[in-house]
Visitor: 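This is the structure I want to talk about, given as structure tokens.
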Amino acid sequence: METGARPLLLLVFWMLAAPARPGSEGDGGWRRHGPGTAAAVAEEERCTVERRSDLTYAEFIQHYAFSRPVILQGLTDNSRFRALCSRERLLASFGDNVVRLSTANTYSYQKVDIPFQEYVEQLLHPQDPASLGNGAGTGVPFHWHGPGFSEVIYGRKRWFLYPPEKTPKFHPNKTTLSWLQDTYPALTPSTRPLECTIQAGEVLYFPDRWWHATLNLETSVFISTFLS
């Protein structure tokens, strides 16, 4: 589900499970509780994307902008924006707005338009990890485009990244979760992607034409800026 505010600013919400607990301030009201809400997947054994909290502009240009991804910590204070993205505030502001849902594969054949409030209140429920529907384990399969930044506002999002010269082996009509379960275990250390789970408040930068796939480990709200 995507809501675009400006040409280069894409605000993306993956609401992935059952009704939130009233008064859950730390998670914005998006975290799900109760039977069936356990994540279908876990974080990686070892993050292979460098984290930096003291990166200067000169270092970014020299070491990362054109060569490899990096996770930026303490970059901005998004507390005001974070408050605006709570479940309660978004429903109050945009509940009547129509959003477009699409299938989570490369070609996204099926698209459905639905009011945002109806999506949140009726379509968000715990997922059986074997069903590949709503719930923890949804995400976007491998694709590439120009460089960009992606910040997690709520939740956790696991990323898999390959440089442009290494095309990953994946089926365009299967989800990232399917790839993780069926293909990932057979990969040798030299053929595995760079990977890491991005936490709330962290920003991932990825360079131009880098292959990447994502997997939501829980209810996630994130904002991405794509550079032209």
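Please read these numbers as outputs of a predicted model, since none were measured by experiment.
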Visitor: So, Trp179 side chain and Lys169 main chain: donor-acceptor pair closer than 3.5 Å or not?
Guide: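 A pair under 3.5 Å: yes.
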
Visitor: Using the ring of each side chain (for Trp, its six-membered ring), is Phe149 parallel, tilted or perpendicular to Tyr205, with breaks at 30° and 60°?
Guide: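 If you compare the ring of Phe149 with that of Tyr205, the planes turn out tilted.
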
Visitor: When you group the ILVMFWY residues by side-chain heavy-atom contacts below 4.5 Å and let the links chain together, are Phe160 and Leu187 in the same group?
Guide: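 Hydrophobic grouping puts Leu187 with Phe160.
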
Visitor: Please check if the side chain of Arg158 supplies one atom and the backbone of Thr197 the other of a donor-acceptor pair under 3.5 Å.
Guide: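 Answer holds: no.
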
Visitor: What is the distance from atom CD1 of Ile114 to atom OH of Tyr119, rounded to the nearest 0.5 Å?
Guide: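 Reported to 0.5 Å precision, the distance equals 9.0 Å.
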
Visitor: Specify the closest pair of heavy atoms between Pro141 and Ala213, including all atoms of both residues, with the distance to one decimal.
Guide: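 Smallest heavy-atom distance, with atoms named: C-CB, 3.8 Å.
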
Visitor: As a quick check of understanding, evaluate side-chain contact (heavy atoms from CB on, under 4.5 Å) for Arg52 and Asp54, giving each step before the final call.
Guide: CA-CA 6 Å; Arg52 294 291 303 270; Asp54 56 352; 3.2 Å; yes

Visitor: Of the non-hydrogen atoms in Ser224 and Ser150, which two are nearest, and what is the gap between them?
Guide: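 For Ser224 and Ser150, the tightest heavy-atom pair comes out as OG-OG, 3.2 Å.
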
Visitor: Can we call the ring centroids of Phe206 and His145 under 6.0 Å apart?
Guide: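 Yes; His145 has its ring centre under 6.0 Å from that of Phe206.
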
Visitor: Counting only N and O atoms by type, is there a donor-acceptor contact under 3.5 Å from the side chain of Thr214 to the main-chain atoms of Gly139?
Guide: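 Not a single qualifying donor-acceptor pair exists.
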
Visitor: Are Leu194 and Trp210 packed together at the side-chain level, in the sense that at least one heavy-atom pair is separated by less than 4.5 angstrom?
Guide: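 Yes, close enough: below the 4.5 Å cut-off.
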
Visitor: Measure the CZ-CG distance between Arg82 and Leu84 for me, rounded to the nearest 0.5 Å.
Guide: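 Nearest 0.5 Å value for the CZ-CG distance: 12.0 Å.
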
Visitor: Using the salt bridge (Lys or Arg N to Asp or Glu O under 4.0 Å) criterion, which residues pair with Glu118? Sequence neighbours excluded.
Guide: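 Not a single residue meets the salt bridge (Lys or Arg N to Asp or Glu O under 4.0 Å) criterion with Glu118.
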
Visitor: Measure the shortest side-chain to side-chain distance between Phe66 and Ile61 over non-hydrogen atoms and say whether it is less than 4.5 angstrom.
Guide: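 Yes. Closest side-chain heavy atoms under 4.5 Å.
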
Visitor: So for atom CD, which belongs to Glu165, do other residues, nucleotides or ligands contribute more than 12 heavy atoms lying within a distance under 6.0 Å?
Guide: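 Atom CD in Glu165 is crowded, with more than 12 foreign heavy atoms closer than 6.0 Å.
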
Visitor: Quick one: pull up CD in Glu218 and OH in Tyr154 and give me the separation to the nearest 0.5 Å.
Guide: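 Reported value, rounded in 0.5 Å steps: 13.0 Å.
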
Visitor: Going through the checks in order, is the side-chain contact (heavy atoms from CB on, under 4.5 Å) test met by Ile71 and Val203?
Guide: CA-CA 6 Å; Ile71 299 168; Val203 179; over 6 Å; no

Visitor: Run the salt bridge (Lys or Arg N to Asp or Glu O under 4.0 Å) test against Glu88 and tell me which residues pass, sequence neighbours left out.
Guide: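 Result, salt bridge (Lys or Arg N to Asp or Glu O under 4.0 Å) vs Glu88: none returned.
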
Visitor: Any side-chain to backbone donor/acceptor pair from Ser93 onto Arg89? Under 3.5 Å, distance only.
Guide: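 Checking the backbone N and O of Arg89 against the side chain of Ser93, a donor-acceptor pair under 3.5 Å is found.
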
Visitor: Quick one: do the Gln199 and Glu43 side chains pair a donor with an acceptor below 3.5 Å?
Guide: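 Result is yes, a qualifying pair exists.
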
Visitor: If only atom types and distance count, is the side chain of Thr48 paired as donor or acceptor with the main-chain N or O of Glu195 below 3.5 Å?
Guide: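 Yes, the answer is positive, given that a donor and an acceptor are paired below the 3.5 Å cut-off.
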
Visitor: So which atom in Tyr162 and which in Thr191 form the shortest heavy-atom distance, rounded to 0.1 Å?
Guide: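 That closest heavy-atom pairing would be OH-O, 2.7 Å.
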
Visitor: Side-chain heavy atoms nearer than 4.5 Å, only ILVMFWY residues, links allowed to pass through others: does that put Phe60 and Leu227 together?
Guide: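 Shared cluster, yes.
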
Visitor: Looking at every non-hydrogen atom in both residues, tell me the closest pair between Asp182 and Pro185 and how far apart they are.
Guide: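 Of all heavy-atom pairs spanning Asp182 and Pro185, the closest is C-CD, 4.1 Å.
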
Visitor: Taking side chain to side chain donor-acceptor pair (under 3.5 Å) as the definition, give me every residue that meets it alongside Ser190, ordered by chain and number, with sequence neighbours left out.
Guide: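 With neighbours one apart ignored, the set is Thr188.
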
Visitor: Leu204 and Pro69: which non-hydrogen atoms are nearest, and at how many Å?
Guide: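 Taking Leu204 first and Pro69 second, the nearest heavy atoms are CD1-CB, 4.3 Å.
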
Visitor: CZ of Arg51 to SG of Cys196: how many Å apart, nearest 0.5 Å?
Guide: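 One finds 4.0 Å between CZ of Arg51 and SG of Cys196.
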
Visitor: How long is the straight-line distance from OG1 of Thr225 back to CD of Glu151, given to the nearest 0.5 Å?
Guide: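 So the gap between those two atoms works out to 9.0 Å.
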
Visitor: Given side-chain contact (heavy atoms from CB on, under 4.5 Å), test Glu121 with Leu91 step by step and report yes or no.
Guide: CA-CA 10 Å; Glu121 295 181 347; Leu91 285 176; 4.3 Å; yes

Visitor: Which atoms form the tightest heavy-atom contact between Tyr64 and Glu59, and what is the distance?
Guide: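 The answer is CD1-O, 3.9 Å.
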
Visitor: Using a 4.5 Å cut-off on heavy atoms from C-beta on, say whether the side chain of Pro115 contacts that of Asp96.
Guide: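 A side-chain contact under 4.5 Å is absent here.
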
Visitor: Could you give the distance from CH2 (Trp211) to CZ (Phe170), rounded to the nearest 0.5 Å?
Guide: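 Trp211 CH2 to Phe170 CZ: 4.5 Å, rounded to 0.5 Å.
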
Visitor: Distance-only, no hydrogens or angles: does the His143 side chain make a donor-acceptor pair with backbone N or O of His212 under 3.5 Å?
Guide: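 Judged by distance alone, yes, a pair lies under 3.5 Å.
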
Visitor: Any donor-acceptor pair under 3.5 Å linking the side chain of Trp30 with the backbone of Cys85?
Guide: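 Checking the backbone N and O of Cys85 against the side chain of Trp30, a donor-acceptor pair under 3.5 Å is found.
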
Visitor: Would you find a donor on one side and an acceptor on the other, under 3.5 Å apart, between the side chain of Arg156 and the backbone of Ser220?
Guide: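 No, because the side chain of Arg156 does not come within donor-acceptor range (under 3.5 Å) of the backbone of Ser220.
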
Visitor: Go through the steps to decide whether Thr176 and Phe142 satisfy the test side-chain contact (heavy atoms from CB on, under 4.5 Å), and finish with yes or no.
Guide: CA-CA 8 Å; Thr176 303; Phe142 280 107; over 6 Å; no

Visitor: Quick check on the 6.0 Å ring-centre criterion: do Phe94 and Phe116 meet it?
Guide: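 No, they do not, as the ring centres are separated by 6.0 Å or more.
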
